[in-house]
Amino acid sequence: MRPFMAKSREWNKKITKLIRNGRLCEARRVFDSMTDRNTVTWNSLISGYVQNREIASARKLFDEMPERDVVSWNLMISGYMACRGSREMGDGRMLFDRMPERDLVSWNTVISGYARNGRMRDALSLFDTMPDRNVVSWNAMVTGFLQNGEVSSAVEFFERMPERDSASVSALVSGLIHNGRLNEAAEILENFRTVCGGEQELVDAYNTLIAGYGQSGNVEEARRLFDQIPYRPDFRKGDLKFRRNVVSWNSMIMCYTKVGDLISARQLFDEMDERDIVSWNTMISGYVQCSNLEEASNLFCMMSEPDSRSWNSMISGYAHQGKLDLALDFFNRMPERRLVSWNTMIAGYEQNGDYEEAIRFFCQMQREGEKPDRHTLSSVLSACAGLAALNQGKAIHQRVLKTVIADTPISNSLITMYSRCGVLGEALAVFNEVKMQRDVISWNSIIGGHAYQGFGVEALMLYKEMRRLKVRPTYITFILVLSACAHAGLVDEGLRQFKSMVSEFGIEPQVEHFASLVDLLGRNGYLQEAMDLIDTMPIEPDRAVWGALLGACRVHDNVELAITAAKALTRLEPESSAPYVLLYNMLADGGRWDEATEVRTMMERNGVKKQPGYSWIELNDKVHVFVAADASHPLSTEIHALIECCDRVIKDLFYATENVLCFNNIDL
DNA sequence: GTAGGGTTAG
């Protein structure tokens, strides 16, 4: 035996293992350090890039490699087909047409690529012309039909198959479930059971159905099936093959975690003889989903080799609890961070309102060579919306045009971002571009944008257009419509819309709707009516409801109701300074100094501190945040000097115009 | 080291 052969085989194994553990960069370093690479070495690394959707890197290796075999070609084709874009699929097809020698895998790769992306006609024409077919070719067609909702074609193909294996049955059963036909799926399984008795394939079909029941939340039925599969083989019956495998256990555990029954999930987990990485990850993610990070972390620590899913579950768990420091700790400790890890951190910061950090992470991610996808872009767009960072948002819009083909959620984020940045024209431009793929969220975004910017009448016009096009509004639509009416002073219209929400659409009013109604009435001077509404509303009023009343009292200078509202607010949020401050200012404005002082004393006695106000400005793609009495900005001294200068100019003008404040003509 | 189904992360 030649020693160097054994050597390169060992290295190839090492590369494969690194790729399996998500350490692609390390695999690349091993590859680069090798002197005796063979075709398998090249193919292994290409496979790593393909698995990680780095198609350009895969192609570069493919073009550079000295000798390509049929596996190299097949790997590249499968990489292109998995990218799903029509351009990439075209590239894959081009390679297929150009390759010197095709095998069954080549044909099946292209067929399933077409089938998965709804191009059944292309899939079918290849299927019909291919020299010979195997069970994989048939299964790919069945799956494709089911994914496109063509259930009868799928069943027809299934029946025409010359031979079937466990994947054929699983494909049909799971496809039927995804088309909402659980009963038919169960029927197929029953037929299959009588035909093939206690074979291994039956277990796979059972597992599919268990998972299907789990998806629809029917744990009892799933458990009934699970219990029908014997735990251990029954030797007396000669039943050697029909027994639970690790997927049966994992699927059942998943059913329990899905409904939050972690006790039962854990019982099964502890009962298992052999757990695989999926068992561990399913349990961890179950604990994460019900916010039990302690147990999640216990299990995580017990794992010998956590993979990227294990790490990312922990990161997302802590991020959801707002513990970004702990999330970051896991993020930093993981052996190799991939796109999902970055996305989890960015989404975590964004959802916790730390928009600057979300954007900072986004920039760092790109510096480290990771390409954003739709998840990244959607989070970052929300962060830009939160900061009203228009230039950043525009730059990301450009990225979107290069990265995503047509994606409704992303377009909706763009609409929201432009709205929040105050450029409704841009928001409308996006809204008009996606005419064909609008959903109710697109409408909510554009209506909300107009309402938010004070264009109540325009918001209502958009709502009417939405109704004309028979788009069914949601409860959020009505929060926005009521807010639009409030801003436009259309009290009667608002009340009419509220009634129509209940009577026409059967939407049960939520506390947010009452807050909007209180705002609608109060803002337009109907303070007593707003108060009466609070007294009679069927839900407990929350801070938004009382806040709306208090704001209205401030505008219309009703001190007595303001006191009621402020009292209610301090009961709900004892630590908030806003109601005290607002009430203090109102009393002081009215010259009621004794009561004002009393409010101030009460605030101090209750240990409430005034929270510093803050504002921000976007300049040269950077967002600068200013907090009162904060000197952390690099140009703090200069900024304060400038403010003082402005202050002087304003004061001079103020006195010069004999106490008549007129900002309109000031040219600073 | 490559093709189809069923279990895990954003």
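Naming convention: chains lettered A, B, ... in sequence-line order (proteins, then strands); numbering from 1 in each chain.
- Counting non-hydrogen atoms under 4.0 angstrom, A:N134 reaches a base of the nucleic acid.
- If you take OH of A:Y206 and C1' of B:dT7, they are 18 Å apart, rounded to a whole angstrom.
- Taking atom CD on A:Q289 and atom P on B:dT8, their separation rounds to 10 Å, with Å as the unit.
- Whole-Å rounding puts the A:N52 CG to B:dG10 P distance at 17 Å.
- The side chain of A:S285 sits closest to B:dT8 out of B:dT7, B:dG5, B:dT8.
- In this structure, the side chains of A:R266 and A:E295 come closer than 4.5 Å at one or more pairs of heavy atoms.
- Counting non-hydrogen atoms of neighbouring residues, nucleotides and ligands closer than 6.0 angstrom, the CD atom of A:E274 reaches no more than 12 such neighbours.
- Closest to the side chain of A:A171, from the set B:dG6, B:dA3, B:dG5, is B:dG5.
- For A:D204 against B:dG6, a side-chain-to-base donor-acceptor contact under 3.5 Å is present.
- In the interface, the side chain of A:D165 is paired with the base of B:dG4 through a donor and an acceptor atom under 3.5 Å apart.
- In this structure, A:L293 places its CG atom 14 Å from C1' of B:dA9, rounding to the nearest Å.
- For the pair A:D407 CG and B:dG10 P, the interatomic distance rounds to 18 Å; values are reported in whole Å.
- Comparing B:dG6, B:dA3, B:dG10 against the side chain of A:V105 picks out B:dA3 as the nearest.
- Within the 4.0 angstrom heavy-atom criterion, only backbone atoms of the sugar-phosphate kind lie near A:T16; the bases stay farther away.
- As judged by a 4.0 angstrom heavy-atom cut-off over every strand, A:S308 is placed among the base-contacting residues.
- With respect to the salt-bridge test (charged N to carboxylate O, under 4.0 angstrom), the residues A:E357 and A:R360 qualify.
- To the nearest angstrom, P of B:dG5 lies 19 Å from CD1 of A:I210.
- Ranking B:dT2, B:dA3, B:dT7 by closeness to the A:T109 side chain, first place goes to B:dA3.
- The shortest non-hydrogen separation linking A:F96 to A:R102 is O-NH1, 2.6 Å.
- Backbone-only contact: A:T208 has heavy atoms under 4.0 Å from sugar-phosphate atoms and none from a base.
- Regarding A:R309, its CZ atom lies at a distance of 5 Å from the C1' atom of B:dT8, rounded to whole Å.
- Side-chain to base pairing of A:N108 with B:dG4: no donor and acceptor N or O lie closer than 3.5 Å to each other.
- Rounded to an integer number of Å, the gap from CZ of A:F269 to P of B:dT7 is 19 Å.
- No side-chain donor from either of A:N312 and A:T344 sits under 3.5 Å from a side-chain acceptor of the other.
- When each of B:dT8, B:dT2, B:dG10 is scored by its nearest atom to the side-chain atoms of A:L339, the top-ranked nucleotide is B:dG10.
- Listed nucleotides: B:dG6, B:dT2, B:dG10. Nearest to the side chain of A:D103: B:dT2.
- OP1 or OP2 of B:dG4 has at least one side-chain nitrogen or oxygen of A:R116 nearer than 4.0 Å.
- A 4.5 Å side-chain heavy-atom check between A:R23 and A:I15 finds every atom pair outside the cut-off.
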